[in-house]
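Residue numbering restarts at 1 for every chain, and letters A, B, ... go by the order of the sequence lines.
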Number of protein chains: 4
Amino acid sequence: MKIADKHEKIVQAAIRVFAQNGFYNSKIAEIAKEANVADGTIYLYFNNKYDILITIFEEEIGKIIAKVKQEMARIEDPREKLFRFAQIHLSLVEENRDLAEVIQVELRQSSKFMKEYRNKKFAEYLNIISQIVKQGQAQGIFRSDVMPGIFKRAFFGALDEMSRFWVLSSKKKYSVNTAARQISKFFLEGIVAKEDA
Amino acid sequence: MKIADKHEKIVQAAIRVFAQNGFYNSKIAEIAKEANVADGTIYLYFNNKYDILITIFEEEIGKIIAKVKQEMARIEDPREKLFRFAQIHLSLVEENRDLAEVIQVELRQSSKFMKEYRNKKFAEYLNIISQIVKQGQAQGIFRSDVMPGIFKRAFFGALDEMSRFWVLSSKKKYSVNTAARQISKFFLEGIVAKEDA
Amino acid sequence: MKIADKHEKIVQAAIRVFAQNGFYNSKIAEIAKEANVADGTIYLYFNNKYDILITIFEEEIGKIIAKVKQEMARIEDPREKLFRFAQIHLSLVEENRDLAEVIQVELRQSSKFMKEYRNKKFAEYLNIISQIVKQGQAQGIFRSDVMPGIFKRAFFGALDEMSRFWVLSSKKKYSVNTAARQISKFFLEGIVAKEDA
Amino acid sequence: MKIADKHEKIVQAAIRVFAQNGFYNSKIAEIAKEANVADGTIYLYFNNKYDILITIFEEEIGKIIAKVKQEMARIEDPREKLFRFAQIHLSLVEENRDLAEVIQVELRQSSKFMKEYRNKKFAEYLNIISQIVKQGQAQGIFRSDVMPGIFKRAFFGALDEMSRFWVLSSKKKYSVNTAARQISKFFLEGIVAKEDA
DNA sequence: GATGAATGAGTCTTCATTCAT
DNA sequence: GATGAATGAAGACTCATTCAT
């Protein structure tokens, strides 16, 4: 452990506390305690409570985007990419419950944040999806009447709602793989039965 | 009946105020002012601030469910039902911006109470979707390997994210009909190009 | 007592508390206690702690100016006016110890206040003195080479320092009348012995 | 001797910072920065923040007293002494704006300690004035009914208020010499026109 | 001696809620 | 039922001071 990185300690503590109580019901004193630092120490690393929330989002989502992009790069088939995207997204949620809850739940309470800020990093994430669609369309694999701008939101929304279900229910009815497979299949093939020959 | 229903006046005022500032940044005094009543009057109709939020959810979502169910009842084909569901959902969002924003953003709180509460009415809404799927499967129209429990969340999530986009961006790039058609088509037929003849 | 004027109660309490501990060492809770109101009540009447200080100055000095002007009006001889001014000034200090201390001591700590604000009311007070001088000069009673702008400060300063002495020492070595007579005589006749004929 | 006397560096920095922001609004960190030392270093030279203020007063006023006494010693005539005292006092203020502001404004605090402390050095300064008066009275130059204890305060107060005017207004309407001459003349000869021939 | 990161006590201010009228 | 003045608990944030290096 590198000379106890206080910044990171505080961020991780805040993720736990925010996930537990929600942003507005979390007290700085609580985060400080969880991070094993004094209240005032937090203000050596962050400007204010809200700044911690922003930092969580910014730093953590950055890691996620990097990971997903890297993974996408090694896959060719856009159909498989879509499936893998779903799989990774849901896996990350499962592995980072608290973080997922903060992003899912707490960041949405701050409309200021959502309206002004979220777009930058978040748009980047969504655009990974639309890029896949565009690639597939260029290859003739996806229908050309699919609007990538709508698709990216629909696909993300589907995964996101599934995640929320997990995050909030704390009991997982379906496995990550099942959910990823089902959802990607919905979007790839639809649910209408192939009427056969 | 003009005797100004205070309860309703307060609820409507709260929807506006919550949508504007978020739940935690909204003050009772602000709601009272917006509703043209005294601060204390609010406590004759609601137990506390949080109770107003719950009431908004309960009453308003109830109206929506009723409206959607009614509409679904007059449609036969599950494929069309899905499309209409999307269309109605998105239309309601468009017509009730403030309410949509409150539900979208504020009700995502993680308070224990919310976690449990949300499910009741919300589950009812989601189940409209799974019922459609089950009906379609029973009729052999939808694939039998589609898991309704996952589908309902995926479909709702897709619509919900689309709504959030509208609610937050305040500029609508796509029409309700375009979005409803696209999204329902994604889920019905998928996006993979139908090969061959 | 008119329906317990909270505003006045708070102002009077603040004068006592500020005089006792100084502005920066006074706590809102202390003023509230002294005024027999809740902490929050203070904020129904004042914007913040500093606002109380300003209000004290503004309201109380206003009363003083009115009283002094009224008194000056009924005197003809500028020499007597000067004496009476000294007498009233010192009497007021004696009768309003706490207020005098706040104005003397606490208001001087806030340079922002002193630089920007003080001038308005304070200048009005000083100008009562320069008016007396000008009147005396017009009547040929006072030397014409006396600069009223310097005199008003010198005369006020002399009284003010005498007041400070009382306020801070809490033991009065000289009576108001003695001090007023001495000081006004200094300024009227000087201290150089009349060499006589 | 260039080994940067930290004590002096800190005192001078504090004078600037206190003059700028006032004692209570000045931060140790600010003084440290201005003095180019670490925060903690200040505590190697001073017990606490307040101690710096006291030190400023004690050391700087000591220098002033020495300078004034020295000057007085070389003058015979008490009338001239008075004029010179005024001149030196006002000159010092003009040459040491920041210090003057600190002494003027900050040392007027009402803390118990200050009330008592101030007297020691300050009394010494005031007594230079009363000594002049007593000398003049002994020589028959000043009226014997002049009370030196009142005179010293009146004379000092007059100069002090004039100084405050300069310190606060930052624009000087009158020159040091004009002010010194006017004020000393007020006190020596009064402002009443010499009647007769 | 010098540093500056860390501490945590201290306080102003907010605002949901109450209750006398 | 309606009012809105009053309440007071709660908490974010500051900053003088300490102390391990």
Inset, instruction - Using the closest heavy atom to pick a nucleotide of DNA chain E for each, name whichever of A:Ala38 or B:Lys49 lands nearer the 5' end. - result: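 Nearest nucleotide further toward 5': that of A:Ala38.
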Legend entry - All pairs passing salt bridge (Lys or Arg N to Asp or Glu O under 4.0 Å) where residues 15-42 of chain B contributes a residue, at least two apart: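 Qualifying pairs: B:Arg16-B:Glu34.
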Legend entry - For C:Asn47, all residues meeting side-chain contact (heavy atoms from CB on, under 4.5 Å), sequence neighbours excluded: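 With neighbours one apart ignored, the set is C:Asp51.
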Legend entry - Counterpart residues, ring pair (Phe, Tyr, Trp, His ring centres under 6.0 Å), relative to A:Tyr43 (two or more places apart):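 With sequence neighbours excluded, A:Tyr43 shows a ring pair (Phe, Tyr, Trp, His ring centres under 6.0 Å) to no residue whatsoever.
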Inset, instruction - Identify, with sequence neighbours excluded, every residue that meets ring pair (Phe, Tyr, Trp, His ring centres under 6.0 Å) alongside C:Phe46. - result: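 For C:Phe46, the residues satisfying ring pair (Phe, Tyr, Trp, His ring centres under 6.0 Å) (neighbours in sequence not counted) are C:His7.
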Legend entry - B:Lys6 vs F:dG1: side-chain N/O to OP1/OP2 distance below 4.0 Å: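 It does not, given that no N or O in the side chain of B:Lys6 lies less than 4.0 Å from OP1 or OP2 of F:dG1.
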Grab the [atom1]-[atom2] distance between [X] and [N] for me, whole Å please.
X: A:Tyr45; N: F:dC13; atom1: OH; atom2: P; result: 18 Å
X: D:Ile42; N: E:dG4; atom1: CD1; atom2: P; result: 12 Å
X: A:Phe23; N: F:dA12; atom1: CZ; atom2: C1'; result: 11 Å

Inset, instruction - Mind checking A:Ile28 for me? I need base, sugar-phosphate or nothing, with any heavy atom below 4.0 Å counting as a touch. - result: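 Since only primed, P, OP1 and OP2 atoms lie under 4.0 Å of A:Ile28, the category is sugar-phosphate.
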Inset, instruction - Look at the aromatic rings of A:Phe23 and A:Tyr50 and report parallel, tilted or perpendicular, splitting at 30° and 60°. - result: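 If you compare the ring of A:Phe23 with that of A:Tyr50, the planes turn out perpendicular.
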Legend entry - Pi-cation contact, B:Tyr45 with B:Lys6 (under 6.0 Å, within 45°):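 No; the conditions do not both hold, so B:Lys6 does not lie above the ring face of B:Tyr45.
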Sort me out a list of protein N/O and nucleotides 18-21 of chain E N/O pairs below 3.5 Å, or just none if empty.
none

Legend entry - Rounded to 10 degrees, the angle between the two terminal axes of the helix from E:dA2-F:dT21 to E:dT21-F:dA2, each from five pairs: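 The end axes of the helix from E:dA2-F:dT21 to E:dT21-F:dA2 are about 10° apart, to the nearest 10°.
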Inset, instruction - Any chance you could measure B:Ile15, atom CD1, to B:Thr55, atom OG1, to the nearest 0.5 Å? - result: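 Output value for this atom pair is 10.5 Å.
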